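Some notes on the structure that comes next.
Each chain gets a letter, A, B and so on, in the order its sequence line appears, and its residues count up from 1. These figures come from a predicted structure and were not determined experimentally.
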There are 2 protein chains.
Amino acid sequence: MNIADQTFPAIDGANEDRAQAIRDQLRDAIVDRRLAPGTKLSEGEVGTLFDVSRTVARAALQMLSFEGLVRTERNRGAFVANPSPEEARQVFASRRLIEPGIAIAAAGRMTSADVAAFKTQLEEEGRFIAERGPTARRSEIKASGDFHLLLASVAGNVILQRFMEELVARSSLVIALYGRSGISSCGHNEHVQILEALEAGNAERASALMLHHIDHIEADLDLRVRSGPALRQALEF
Amino acid sequence: MNIADQTFPAIDGANEDRAQAIRDQLRDAIVDRRLAPGTKLSEGEVGTLFDVSRTVARAALQMLSFEGLVRTERNRGAFVANPSPEEARQVFASRRLIEPGIAIAAAGRMTSADVAAFKTQLEEEGRFIAERGPTARRSEIKASGDFHLLLASVAGNVILQRFMEELVARSSLVIALYGRSGISSCGHNEHVQILEALEAGNAERASALMLHHIDHIEADLDLRVRSGPALRQALEF
DNA sequence: TCAGAAAAGATTGCATACGATTTCCACCAG
DNA sequence: CTGGTGGAAATCGTATGCAATCTTTTCTGA
């Protein structure tokens with residue numbers, strides 16, 4: 001898969017930062033798996049695709065590199081990240097630490113508008129699961145992550161929200177690489193249960209459910225190292 | 001305080017990324033309060049000071065902006081962040097959520113080398129407390145943060161480690177802005193106790209002590225809003 | 001035929017240039 | 001004296017050019 005095969009919507013009104021707009025679109029593409037791990041993102045190509053100079057493209061890639069979605073090597077360029085099993089474990093360890101707390105914080109702040117937003121979100125998630133095909137599957141992974149991001153936004157801590165954005169994005173990459181089967185239907189169920197607990201104001205239960213939910217997601221991964229370290233490194237691209 | 005009044009050690013062997021080296025030095029200056037919140041960091045000045053082009057200076061400032069230590073405004077430039085009381089609360093809420101977990105993880109991984117490193121660290125911290133004067137005070141705040149960073153590195157999760165780097169740096173800013181008195185001697189004591197628990201392998205106790213420790217740090221802050229919101233916003237720079 | 005060296009091509013790192021935007025300040029009308 | 005106005009200076013956003021580095025291809029000698 002090459003970045004040149006991608007199509008991106010034109011950048012909207014240049015009022016906002018163009019580099020940021022490019023970062024958002026690239027991030028979506030990575031999280032949606034339209035860009036496979038390891039894909040080279042050359043400054044020139046990105047610039048041409050979005051019709052900006054290398055300067056701006058470079059800034060966008062630098063941002064993605066901070067978020068851990070892109071790995072940059074000096075004098076070699078930027079590549080879609082290819083997280084190792086160890087990195088994958090750390091991503092989920094971080095989520096286990098943070099998300100139960102976010103659930104507790106959110107439970108104390110849910111408004112009826114928030115509940116409505118969650119219901120809309122979960123409905124959409126359900127639709128993608130019902131559908132079949134690779135496109136629906138991508139949308140499903142994305143929607144599943146959006147549930148967690150919505151929760152983080154309700155929790156009302158912008159710092160934790162940003163951390164979660166990074167963790168969810170990296171999780172998508174990890175699931176793409178190491179995912180085994182249909183976490184989805186099971187996961188959707190768990191999302192529903194978490195929402196019920198939140199709606200009932202049962203913070204403890206929401207927190208515990210969240211912890212189990214993360215465990216389930218991680219349990220579906222196959223994080224065994226596939227070959228000896230030497231070969232592994234040699235093939236790592 | 002102007003950035004031009006600062007002196008910075010020359011950047012070392014250009015093997016590493018120069019922008020990164022500049023970021024590190026600026027971060028130290030901000031955390032040490034040699035650069036006051038609100039100070040303008042113009043690309044040109046930074047570039048001149050470090051003898052690089054604006055391109056590189058800009059990249060360094062962009063990194064700091066991601067970490068929340070610098071706020072950038074379009075067409076206006078970069079300024080040392082000036083966290084609001086609300087931001088301050090969120091920084092500490094995040095730490096309360098993350099650090100007890102880090103303490104638990106670290107407790108299970110402490111080696112004797114780690115213990116030695118902690119002891120060295122705490123000795124140094126003690127020395128700065130014994131000394132008096134503004135320079136020692138700065139070093140003391142820095143050393144206090146380093147304790148938490150050391151703990152994060154022992155915990156062995158590089159993602160959480162990076163989150164902690166950001167949180168500790170932002171905490172230093174917050175303490176500089178809203179700190180009241182001598183958290184230090186008290187804080188040092190608590191660090192010692194935490195280390196004792198870690199050494200004894202008592203993860204639960206280390207975690208609980210950490211939580212209290214963070215509470216104490218935050219309790220020493222004066223986060224009351226000083227004036228009406230209208231004036232406050234007008235004066236916010 | 002194949003390993004190794006040399007050259008060609010591509011890509012990044014960085015500096016610089018130029019237009020656009022904002023800030024500052026002198027000036028003037030009310 | 002206050003408040004608005006115009007232009008100059010400063011600063012930012014972005015494109016582009018050149019040197020350094022890496023990659024690939026080609027050539028040579030065994």
Side-chain angles (χ1 to χ4, degrees), chain A residues 2-6 8 10-26 35 38-66 70-81 233-237, chain B residues 1-6 8 10-26 35 38-66 70-81 234-237:
Chain A
N2 191 304
I3 184 168
D5 305 332
Q6 289 291 315
F8 295 99
I11 323 176
D12 62 331
N15 196 357
E16 270 224 29
D17 215 342
R18 291 198 279 171
Q20 213 155 312
I22 293 172
R23 175 201 61 179
D24 290 342
Q25 295 198 22
L26 284 179
L35 287 170
T39 305
K40 166 139 203 204
L41 304 172
S42 94
E43 298 175 357
E45 260 179 312
V46 172
T48 306
L49 274 171
F50 288 98
D51 200 42
V52 295
S53 77
R54 278 205 306 129
T55 308
V56 178
R58 191 184 176 79
L61 291 173
Q62 196 189 355
M63 294 193 232
L64 289 169
S65 154
F66 282 126
V70 152
R71 180 174 38 84
T72 62
E73 289 175 30
R74 186 176 175 87
N75 279 324
R76 284 195 15 93
F79 305 82
V80 177
Q233 272 205 327
L235 291 177
E236 203 161 51
F237 63 112
Chain B
M1 179 162 14
N2 192 304
I3 185 170
D5 304 332
Q6 290 290 317
F8 296 99
I11 323 174
D12 62 329
N15 196 355
E16 270 225 26
D17 216 343
R18 291 196 283 171
Q20 214 156 313
I22 292 173
R23 175 201 61 176
D24 290 343
Q25 296 200 21
L26 284 179
L35 287 170
T39 305
K40 166 140 203 204
L41 304 172
S42 95
E43 297 176 355
E45 259 180 311
V46 172
T48 306
L49 274 171
F50 288 97
D51 202 41
V52 296
S53 77
R54 275 205 309 128
T55 308
V56 178
R58 190 187 177 78
L61 291 172
Q62 195 191 354
M63 294 192 228
L64 289 169
S65 155
F66 281 125
V70 152
R71 182 173 36 87
T72 61
E73 292 174 27
R74 186 176 174 87
N75 278 322
R76 286 199 8 96
F79 304 82
V80 177
L235 291 178
E236 203 162 52
F237 63 117

Backbone N/O of B:Gly44 and side chain of B:Thr48: donor-acceptor pair under 3.5 Å = yes
Side-chain heavy-atom pair A:Arg18, A:Phe50 within 4.5 angstrom cut-off | no
Quickly work out the A:Phe50 CZ to D:dG13 P distance and round it to whole Å.
-> 20 Å
Quick one: does B:Lys40's side chain have a donor or acceptor within less than 3.5 Å of a partner on B:Val80's backbone?
-> no
Residues passing the side-chain contact (heavy atoms from CB on, under 4.5 Å) test with B:Thr72, sequence neighbours excluded, are B:Ser65, B:Val70, B:Ala78
Starting at atom CD of B:Glu73, determine the distance to atom C1' of C:dT23, rounded to an integer number of angstrom.
-> 13 Å
Between B:Arg58 and D:dG13, is there a side-chain N or O to OP1/OP2 distance below 4.0 Å?
-> yes
Residue A:Asp17, side-chain atoms from C-beta onward, closest of C:dC14, D:dT14, D:dA15 = D:dT14
Let me know, please, whether B:Gly44 or B:Thr55 comes out on the 5' side of the other along DNA chain D by nearest nucleotide.
-> B:Gly44
What distance do A:Met63 atom CE and A:Asp24 atom CG have between them, rounded to the nearest 0.5 Å?
-> 8.0 Å
B:Glu43 has an atom CD; how far is it from atom P of C:dA17, in whole Å?
-> 16 Å
Report the nucleotide, chosen from D:dT11, C:dC14, C:dC18, that has the shortest atom-to-atom distance to any side-chain atom of B:Ser42.
-> D:dT11
Could you tell me which residues satisfy side-chain contact (heavy atoms from CB on, under 4.5 Å) with B:Glu45, sequence neighbours excluded, listed by chain and number?
-> B:Asn2, B:Ile3, B:Ala4, B:Ser42
Review item, nucleotides 22-25 of chain D N/O atoms under 3.5 Å of protein N/O:
unit_1: D:dT23; atom_1: OP1; unit_2: A:Arg76; atom_2: NH1; d: 2.4

Return the nearest nucleotide to the side chain of A:Lys40; candidates are D:dT16, C:dT12, D:dC12.
-> C:dT12
Check the distance between C:dA15's P and B:Asp51's CG and give it to me in whole angstrom.
-> 8 Å
With the side chain of B:Arg54 defined as its heavy atoms from C-beta on, choose the nearest nucleotide among D:dT16, C:dC18, D:dA15.
-> C:dC18
